[in-house]
Amino acid sequence: MSLALQIVLLVLVVIFLLAIIHLLRKGKLSLKYSLIWIFSSIILLIMIIFPQLSIQVSKWIGVEVPSNFIFMLEGIFVLVILISLTLIVSNQTSRLTRLTQAVAILERRIRDLEEKNTGSESKKEQDDPNHLESH
């Protein structure tokens, strides 16, 4: 890997990390959801700073060209990110369903109480013939 390419990649990954940190500070990104992005960026930084490491690891696992190893590594990170996002969406969907059900139950209770309250007031009016005179 040429020095110029290393510098460009290093700058891009650092900018990406700074963007993630900025989103964390502003509260637009939760720490638990950003950990995979931070982790993958750190791995990329290590591979960029120490290109011999990617060459050695690619030889060790049987990948002939180190750039293919990097693409494979990033593909794995993308899959992990997709799985984590799918889990988050699934969890949020379940929570939303439970919340919607709870709201529906509470609305029904309120409606029943209002009907019961309205019914008891009309019963009082029927039982008390002087009810209108007292107002």
Side-chain angles (χ1 to χ4, degrees):
M1 181 179 337
S2 71
L3 183 60
L5 179 60
Q6 273 184 291
I7 292 170
V8 168
L9 291 175
L10 188 65
V11 168
L12 290 175
V13 173
V14 168
I15 289 171
F16 181 76
L17 267 172
L18 291 174
I20 295 296
I21 291 169
H22 176 73
L23 291 172
L24 279 169
R25 285 183 151 182
K26 292 288 184 181
K28 295 187 183 225
L29 186 62
S30 173
L31 179 63
K32 67 181 179 178
Y33 300 137
S34 66
L35 288 177
I36 190 70
W37 294 109
I38 294 170
F39 178 71
S40 63
S41 297
I42 290 171
I43 296 295
L44 266 176
L45 279 175
I46 292 170
M47 294 295 176
I48 291 167
I49 294 170
F50 306 107
Q52 291 301 320
L53 181 64
S54 64
I55 293 169
Q56 291 300 323
V57 173
S58 63
K59 283 182 184 178
W60 179 66
I61 63 171
V63 178
E64 301 224 0
V65 181
S67 62
N68 289 345
F69 169 69
I70 299 296
F71 283 126
M72 181 187 76
L73 191 63
E74 285 308 305
I76 290 169
F77 281 132
V78 167
L79 286 175
V80 169
I81 289 168
L82 283 173
I83 289 170
S84 70
L85 290 176
T86 302
L87 289 172
I88 291 165
V89 168
S90 179
N91 185 30
Q92 293 298 330
T93 301
S94 296
R95 291 178 68 192
L96 183 60
T97 301
R98 287 192 307 269
L99 181 62
T100 303
Q101 291 169 346
V103 168
I105 290 169
L106 290 173
E107 286 177 347
R108 176 63 190 243
R109 285 181 181 173
I110 290 171
R111 202 172 334 120
D112 289 348
L113 286 173
E114 286 174 344
E115 288 173 1
K116 183 178 177 182
N117 191 23
T118 304
S120 66
E121 284 181 6
S122 64
K123 175 126 173 69
K124 282 182 185 177
E125 290 174 3
Q126 291 173 356
D127 291 345
D128 185 11
N130 297 327
H131 176 69
L132 294 176
E133 294 174 8
S134 63
H135 286 278

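Just so it is clear, the structure is predicted and the values come from calculations on it, not from any experiment.
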Report whether [X] and [Y] are members of the same hydrophobic cluster (ILVMFWY, side-chain heavy atoms less than 4.5 Å apart, transitive linking).
X	Y	result
Leu87	Leu96	no
Leu9	Leu18	yes
Phe50	Leu17	yes
Val80	Val78	no
Ile43	Ile21	no

Rounded to the nearest 0.5 Å, how far does [atom2] of [Y] lie from [atom1] of [X]?
X	Y	atom1	atom2	value
Leu53	Trp60	CG	CH2	11.5 Å
Leu31	Leu23	CG	CG	12.5 Å
Leu113	Thr118	CG	OG1	10.5 Å
Ile36	Ser41	CD1	OG	10.0 Å
Phe16	Ile38	CZ	CD1	9.0 Å
Ile83	Leu79	CD1	CG	6.0 Å

*asked:* Looking at every heavy atom in both Ser34 and Ile20, which two are closest together, and how far apart are they?
replied: CB-CG2, 4.0 Å

_Tell me whether Glu64 at atom CD has more than 12 heavy atoms from other residues, nucleotides or ligands lying less than 6.0 Å away._
no

*Val11: which other cluster members, linking ILVMFWY side chains closer than 4.5 Å, directly or transitively?*
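So far as hydrophobic clustering goes, Val11 is joined with Leu3, Ile7, Ile15.
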
*Pairs meeting criterion ring-ring contact (aromatic ring centres under 6.0 Å, His included) with involvement of residues 74-111, two or more places apart*: Phe39-Phe77

*Among Ile70, Val63, Val65, Leu73, find the one that has a side-chain contact (heavy atoms from CB on, under 4.5 Å) with Ser58.*
Val63

_Passing option when Ile48 is tested against Leu5, Val14, Leu10 for side-chain contact (heavy atoms from CB on, under 4.5 Å)_ =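 When Leu5, Val14, Leu10 are each tested with Ile48, the side-chain contact (heavy atoms from CB on, under 4.5 Å) holds only for Leu10.
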
*Show your reasoning for whether side-chain contact (heavy atoms from CB on, under 4.5 Å) applies to Leu44 and Glu74.*
CA-CA 9 Å; Leu44 266 176; Glu74 285 308 305; 3.3 Å; yes

*Who are the salt bridge (Lys or Arg N to Asp or Glu O under 4.0 Å) partners of Arg108, not counting sequence neighbours?*
Asp112

_Taking Ser90's backbone N and O only, do any of them form a donor-acceptor pair with Ser94's side chain (distance below 3.5 Å, no angle check)?_
yes

